[in-house]
Amino acid sequence: MLKKVYKFVVKGLVVLSLVLLAFGGVFASLNVEFGYGVVYLGLWILLLTPLIPVIAVLIDSYRINDTALVLISLLVIGIILINMVYYGFGLSIPLSIPFPLPPLL
Amino acid sequence: MPISLSLLVGLVTATGALMGSLLGLGGGFLIVPLLTIFLGIPIKVAVALSLLSILANSLSASIVYVDREVVDFRLGLILESTTMLGAITGANINLMMSESVIYVVFGLVLLYVAYRMVAGKKYGEDDEGTRGGNIYLGVLVSYVAGLLSGLLGIGGGILKMPILILLLSLPTRVAIGTSLFMISITSATGTFIYFVNGVIDMSYAPFAVLGASIGAQLGSRLGFKIEARYLRSLFSIVLVVFSLIMIMRGLG
């Protein structure tokens, strides 16, 4: 499953983000208004793409025959990812880690 | 922001990524000095742009290794739990630190990288490894790798590879693939901190990413045609010069 996730989903998202960045960058340089918006979208997609395989491993984790160390690691990563997404969209977070980050919106 | 400067940023990241790809380094060690020394970009912005460039490249490169089934996701995630924490810490330290201190720290790390290029252990592609070693020490050192990544805008492979190969005895191919998988997550984490703090210049960001992607692709194709051994010696000298310039800038 992970191989397919990488091959199709991750690859597709990387290509999409590069295309958006290319078009957005050109439009922004020409002072076209929505150019920066397209750049933002491309950046967000690029930033969140590494989460996809991590989530895939989390879902797949019951197959990992391993110690508590793996489960604790997945928990730590999961908490960080949730914080990143919630902070990034300016929402109040359910699980608190003290980040000195202002809300994005 | 003049488009010419944005194009120059793209050219610089392309050069950094190309040379990094030829030398087996992440581009960060070259991108940050090139942006600060030649284009006068503030070092914090250069670090953020470098991390963004590394993110795009490592994602693309890791797809190849996943396809070859040489990525140890389990081990990568264990190590990545502390690497991500290190990257968050490093990026936040960068935001609080004065630019002069960042220059000095970067310069010192560059000196170490220059030394490793000529005198460090070379990892043979066919090294099979035995798997094992002290995972807890690996987790601890991974935090330091993440810290350096977030602080200086580098991929962290300079520490991750020794952790995976020397400390945890992974086969070299698996270490490379796993390291790339880890670097994509680490760089995304560090980039995110800079992104939400408004450090990433949106005028430069697209050109930085696209330049680095093109440079890395060219580097991977040229890598088969150029003898990297001679480039390493030459570039270790270049890195020493860059490191001295950055240290002197930091010391005023």
Side-chain angles (χ1 to χ4, degrees), chain A residues 2-3 5-7 10-11 13-15 17-18 20-26 28-30 35-36 38-40 42-44 46-51 53-54 56-58 60-61 64-67 69-70 72-78 80-81 83-84 87-88 90 97 99-104, chain B residues 1-4 6-7 10 52 55-56 58-60 62-69 71 73-85 87-88 92 95-96 135-136 139 181-189 191-193 195-198 200 202-210 213:
Chain A
L2 285 170
K3 204 172 158 179
V5 166
Y6 250 95
K7 211 166 179 173
V10 173
K11 206 174 186 177
L13 288 174
V14 170
V15 170
S17 67
L18 291 178
L20 287 171
L21 284 169
F23 279 107
V26 169
S29 304
L30 298 172
Y36 286 105
V38 176
V39 169
Y40 259 105
L43 277 180
W44 266 113
L46 194 60
L47 280 173
L48 295 177
T49 299
L51 308 187
V54 175
V57 173
L58 280 167
D60 213 29
S61 63
I64 299 176
N65 181 22
D66 212 281
T67 63
L69 190 57
V70 170
I72 291 168
S73 305
L74 291 173
L75 186 64
V76 168
I77 291 172
I80 293 172
L81 295 178
N83 272 267
M84 282 167 66
Y87 262 109
I97 292 178
F99 275 16
L101 300 177
L104 185 64
Chain B
M1 202 68 67
I3 190 170
S4 55
S6 300
L7 287 172
L52 186 57
L55 168 59
S58 59
L59 269 174
S60 305
S62 62
I63 292 169
V64 175
Y65 286 87
V66 170
D67 206 35
R68 292 179 193 167
E69 297 183 7
V71 175
F73 287 104
R74 170 189 160 272
L75 182 62
L77 282 178
I78 291 173
L79 299 176
E80 203 44 39
S81 59
T82 51
T83 315
M84 284 174 86
L85 289 172
I88 292 167
N92 279 293
L95 291 171
M96 292 186 287
I135 185 76
Y136 297 100
V139 164
F181 165 65
M182 291 171 63
I183 286 171
S184 68
I185 300 172
T186 311
S187 53
T189 310
T191 306
F192 181 81
I193 303 295
F195 183 49
V196 294
N197 280 277
I200 296 182
M202 290 298 148
S203 308
Y204 300 147
F207 295 91
V209 171
L210 292 167
S213 300

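If you're wondering where the values come from, they're calculated on a predicted model, not measured in any experiment. Computation of the quantities below employed the complete heavy-atom set of this structure, encompassing side-chain atoms and omitting hydrogens, waters and symmetry-equivalent molecules.
- Contacts between A/A22 and chain B at a heavy-atom distance below 4.5 Å involve backbone atoms as well as side-chain atoms.
- Looking at B/L52 and A/L46, their side chains come closer than 4.5 Å, going by heavy atoms from C-beta outward.
- With sequence neighbours left out, the side chain to side chain contact (heavy atoms under 4.5 Å, CB included) criterion links B/A208 to B/V9, B/T13, B/L49, B/S53.
- Remark: B/I185 CD1 to A/T49 OG1 distance equals 12.0 Å, nearest 0.5 Å.
- For a residue to count as touching a neighbouring chain, one of its non-hydrogen atoms must lie under 4.5 Å from one of that chain's; by this rule B/L55 touches chain A with the side chain only.
- For the pair B/F181 and A/P50, the minimum side-chain heavy-atom distance is 4.5 Å or more.
- The contact between A/L43 and chain B is made entirely by side chain atoms (from C-beta outward), counting heavy-atom distances below 4.5 Å.
- Interatomic distance, B/F192 CZ to A/W44 CH2, rounded to the nearest 0.5 Å: 4.5 Å.
- Using a 4.5 Å heavy-atom threshold, the side chains of A/Y36 and B/S203 count as touching.
- Of all heavy-atom pairs spanning B/L210 and A/L18, the tightest one is CD2-O, 3.8 Å.
- For chain A, the nearby part of B/S213 is the side chain; its heavy atoms alone come within less than 4.5 Å.
- Considering only heavy atoms from C-beta on, B/L59 stays 4.5 Å or farther from A/K11 through its side chain.
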